[in-house]
Asker: 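Below is a structure I'd like to ask you about.
Naming: A, B, ... by sequence-line order, numbering from 1 per chain.
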Protein chains: 2
Amino acid sequence: MGVTGHTPPNDTPPARSASIWDVARVAGVSQQTVSRVINGKTRVSESTRAKVMQVIAELGYRPNRLARTLAGGPVSSVTVLTSDTALFGAAATLRGMEEAARAAGFSVGISVLGPGTSNTDVALRLNRPQEPVMVIAYDDPGERALRELPPDVPVTAAVERPDDGSGGDPWQVWLDDRAAAAHATRHLLSLGHQTVHYVAIPSSTSALPQRTRGWQDALRAAGRPVPEPLRGGWTPRSGYLAVRSLLADRSVTAILCGNDDLALGVMRAAREAGRDIPGDLSVVGFDDTPASAYLHPSLTTVRLDFEGLGRACFGLLLRRLQPEAALSLPAWNEPELIVRESSGPPPA
Amino acid sequence: MGVTGHTPPNDTPPARSASIWDVARVAGVSQQTVSRVINGKTRVSESTRAKVMQVIAELGYRPNRLARTLAGGPVSSVTVLTSDTALFGAAATLRGMEEAARAAGFSVGISVLGPGTSNTDVALRLNRPQEPVMVIAYDDPGERALRELPPDVPVTAAVERPDDGSGGDPWQVWLDDRAAAAHATRHLLSLGHQTVHYVAIPSSTSALPQRTRGWQDALRAAGRPVPEPLRGGWTPRSGYLAVRSLLADRSVTAILCGNDDLALGVMRAAREAGRDIPGDLSVVGFDDTPASAYLHPSLTTVRLDFEGLGRACFGLLLRRLQPEAALSLPAWNEPELIVRESSGPPPA
DNA sequence: ATGAAAGCGCTAACAG
DNA sequence: CTGTTAGCGCTTTCAT
């Protein structure tokens, strides 16, 4: 006996779980037949199929996906590269990616990028040289990883904005931040504000980020002065610090923030400066986190469908892996301005 | 030529990236020597090592971790099983796990559990039958997955509370929620409140959750009435809905909430009911999310070191995988009450 | 419809 | 210090 050919004469059970060979032996069929039953692609007689299934259950057989992949089976794993998953956008995108991948039978790996990730490093994180990858590239570490991945790695990405010029990489997805920022800015102008100040999130590029551009677009189109954008980070604290000095100036009546956390910090700074929201100051954010509707005051913000974007990013990857299948891309929602209590007319 | 033995006579480059064999051939050494250089465990002469390293760089060789694992190499991958990563606790725990795992050279897979996950299902998500697993089991789907994993899978878990009786599973880690809840409750009592109401997060068990017990502990120890706990969900909205009717009763002057999101909803409901915080009502949460310090009013809450717990959970896994190594467990912080603006004395 | 053979890329024994 | 051999568990080919 000992089909695997190396069963020691006096064996202790090696705690090795049942393989396809074990199933084959017990079921009295070839190993190949078991494979066929498992994959269900090829036709197998009903009787043998039943027998094999029964033995699989008896032995508690569980397939080894590594071996399957190594042997040249279909691709069924992705690795997601992302920086800081504490950020709302990245976390939500990751959820969308994982959900779509799992639905398609993919296993998903995750690897977090730090600020100091060397170029070879990132490729070495993959489970195999050509494992497909999705990159969440809203910030600098993500963008760098995207650039530094070897060309033979199939990759799609959720990015902050399309590549300059060319109209966008076909393997990237993004939300129309520029239009959204313009929309939010127009909302504030239409309430009667003379201009709108902007607290920016960190940017991935030297070029002007899309939200900043959209904000400028709207101000310029209305012929309003364009203040210098304030540099914020990602946290409430950074928003708080960024605007403290600004708030002494009572002519500042409207502030657009790069995300909801910044907005939260800005609102706190405003209160401490004795400014009423929205009476003296309007504040608008980006993201529409679950908390935003319950803040005091509730936050006017731009809802961004990061989960949808993540799902689409995986759809794109699937299309890249199976070009012949002509897969349709799952749709995602465009950004939407949610008007709440934190924005209103300027003081009279 | 053709060490791999199947190079077609008239080959088009199969887009197959360089393997260890290719490196060996070019470097003029055996495949095994390349393996030795890569792993660095065995001694290799400096000259051959240099040669091999050079060829590795030339050919852009990247190791295949799947093959390594399949061939019986050291374990270097984990899968994390978790439900809803949108929750602060689960997300932070995941970050800690990923960080520790990556630092140890592990690749980490993630698979999200839904409410309806059948028992065989969960084992089939693993990349191989005996892949190590970490479960984030703060809620029911997590606890179920933990129960349903086959016994031969090495698993550690971050759980809401230790197993009943036995003093806790040695492969589980948890925070002392019970003591923390008692502490938070005593804080409110010491401010002069007659009693404290509690809005609970969903529980994973039929038994009383630890936070609920701690709250009761403190009330009983002080000889105060123990109100019926209110059942909340995880979101601000559920906190908002849970307490709306309660707030009509002005004798309710202190509410402890199962997490900060619930507290946010409770605070909003309170304002809408015309209650001032902390003047008429004190609110205390659990988690200390980054937003909590910037809310209006800023939230008194219990800081929980989920990231530390996640790192410890991986440490535990490592210990389980290498019992002989006698690894020390990374420490994590005990829960800590952060007193802010939302708690104060009851109205006179 | 089923079986047999070869091999994916690597590591773990053994040899020398 | 280095090379040889035998697999890991599975999916391709090809046969039958």
Asker: Between C/dG9 atom P and B/Ile56 atom CD1, what is the distance in whole Å?
Answerer: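 Going from CD1 in B/Ile56 over to P in C/dG9 covers 15 Å.
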Asker: Check the distance between C/dC10's C1' and A/Asn127's CG and give it to me in whole angstrom.
Answerer: 14 Å
Asker: Go through it in stages, so that I can follow the logic: the residues are A/Glu131 and A/Ser77, the test is side chain to side chain donor-acceptor pair (under 3.5 Å), and I'd like the CA-CA distance, side-chain angles, deciding distance and then a yes or no.
Answerer: CA-CA 7 Å; A/Glu131 181 171 61; A/Ser77 62; 2.9 Å; yes
Asker: Taking the side chain of B/Pro63 as heavy atoms from C-beta outward, which of D/dT11, C/dC10, D/dG9 is closest to it?
Answerer: C/dC10
Asker: A/Gln32 side chain: which of C/dT11, C/dA4, D/dC10 is closest?
Answerer: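 Among the listed nucleotides, the one closest to the side chain of A/Gln32 is C/dA4.
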Asker: What nucleotide among D/dG3, D/dC10, C/dG9 has an atom nearest to a side-chain atom of A/Trp21?
Answerer: D/dC10
Asker: Could you give the CD1-to-P distance, from A/Ile38 to D/dT12, as a whole number of Å?
Answerer: 13 Å
Asker: Kindly say whether B/Val29 contributes a backbone atom to a donor-acceptor pair with the side chain of B/Thr33 at under 3.5 angstrom?
Answerer: no
Asker: Side chain of B/Ile20 only, please: which of D/dG9, C/dC10, D/dT11 is the nearest?
Answerer: C/dC10
Asker: Closest approach to the side chain of B/Thr33, judged atom by atom: which nucleotide of D/dC1, D/dG3, D/dT11 is it?
Answerer: D/dG3
Asker: From A/Leu309 CG over to A/Trp174 CH2, what is the distance, rounded to the nearest 0.5 angstrom?
Answerer: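 Going from CG on A/Leu309 over to CH2 on A/Trp174, the span is 10.0 Å.
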Asker: Quickly work out the B/Asn64 CG to C/dG9 P distance and round it to whole Å.
Answerer: 7 Å
Asker: Tell me: CG of B/Asn39 to P of C/dG9, nearest whole Å?
Answerer: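 Result: 17 Å.
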Asker: Return the nearest nucleotide to the side chain of B/Arg36; candidates are C/dC10, D/dT2, C/dT2.
Answerer: D/dT2
Asker: Would you mind telling me which of D/dG3, C/dG3, D/dT2 lies closest to the side-chain atoms of B/Thr42?
Answerer: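 Of the options given, the side chain of B/Thr42 lies nearest D/dT2.
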Asker: Do NZ/NE/NH1/NH2 and the carboxylate oxygens of B/Glu98 and B/Arg102 come within less than 4.0 Å?
Answerer: yes
Asker: Pick the nucleotide of DNA chain C nearest each of A/Arg49 and B/Leu70; which residue has the one closer to the 5' end?
Answerer: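 In this pair, the answer is A/Arg49.
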Asker: Going by an N to O cut-off under 4.0 Å, is there a salt bridge joining A/Asp139 and A/Arg144?
Answerer: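 Judged by the 4.0 Å cut-off on N to carboxylate O distance, A/Asp139 and A/Arg144 do not form a salt bridge.
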Asker: Using a strict cut-off of less than 4.0 Å between a Lys/Arg side-chain nitrogen and an Asp/Glu carboxylate oxygen, indicate whether B/Asp152 and A/Arg62 qualify as a salt bridge.
Answerer: yes
Asker: Taking OP1 and OP2 of D/dC10, is either one under 4.0 Å from a side-chain nitrogen or oxygen of A/Ser35?
Answerer: no
Asker: Can you work out whether B/Thr69 or B/Gly28 has the more 5'-proximal nearest nucleotide on DNA chain D?
Answerer: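 Looking at DNA chain D, the more 5' nearest nucleotide goes with B/Gly28.
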Asker: Just checking B/Thr48: base, sugar-phosphate only, or nothing, at a heavy-atom cut-off of under 4.0 Å?
Answerer: sugar-phosphate
Asker: Considering only side-chain heavy atoms of A/Ser30, which listed nucleotide, D/dC10, C/dG3, D/dT2, is closest?
Answerer: C/dG3
Asker: In whole Å, what is the span from the CZ atom of B/Arg68 to the P atom of C/dC10?
Answerer: 8 Å
Asker: Kindly point out which of C/dC8, D/dC1, C/dG3 is positioned nearest to the side chain of B/Ser45?
Answerer: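 From the listed options, D/dC1 comes nearest.
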Asker: From the set D/dT2, D/dC8, D/dT11, return the single nucleotide nearest to any side-chain atom of A/Gln31.
Answerer: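 Of D/dT2, D/dC8, D/dT11, D/dT11 is nearest to the side chain of A/Gln31.
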Asker: Calculate the interatomic distance between B/Leu66 atom CG and D/dT11 atom P; express it in whole Å.
Answerer: 14 Å
Asker: Applying side chain to side chain donor-acceptor pair (under 3.5 Å) to B/Tyr138 and B/Thr93, what does each step give before you reach the verdict?
Answerer: CA-CA 10 Å; B/Tyr138 301 141; B/Thr93 307; 2.7 Å; yes
Asker: Is A/Ser107 reaching over with its side chain to a backbone N or O of B/Asn127, donor-acceptor style, under 3.5 angstrom?
Answerer: no
Asker: DNA chain C in dot-bracket, Watson-Crick or G-U pairs under 3.5 Å, [ ] crossing, | other strand?
Answerer: |||||||||||.||||
Asker: Using whole Å, report how far OH of A/Tyr61 lies from C1' of D/dG9.
Answerer: 8 Å
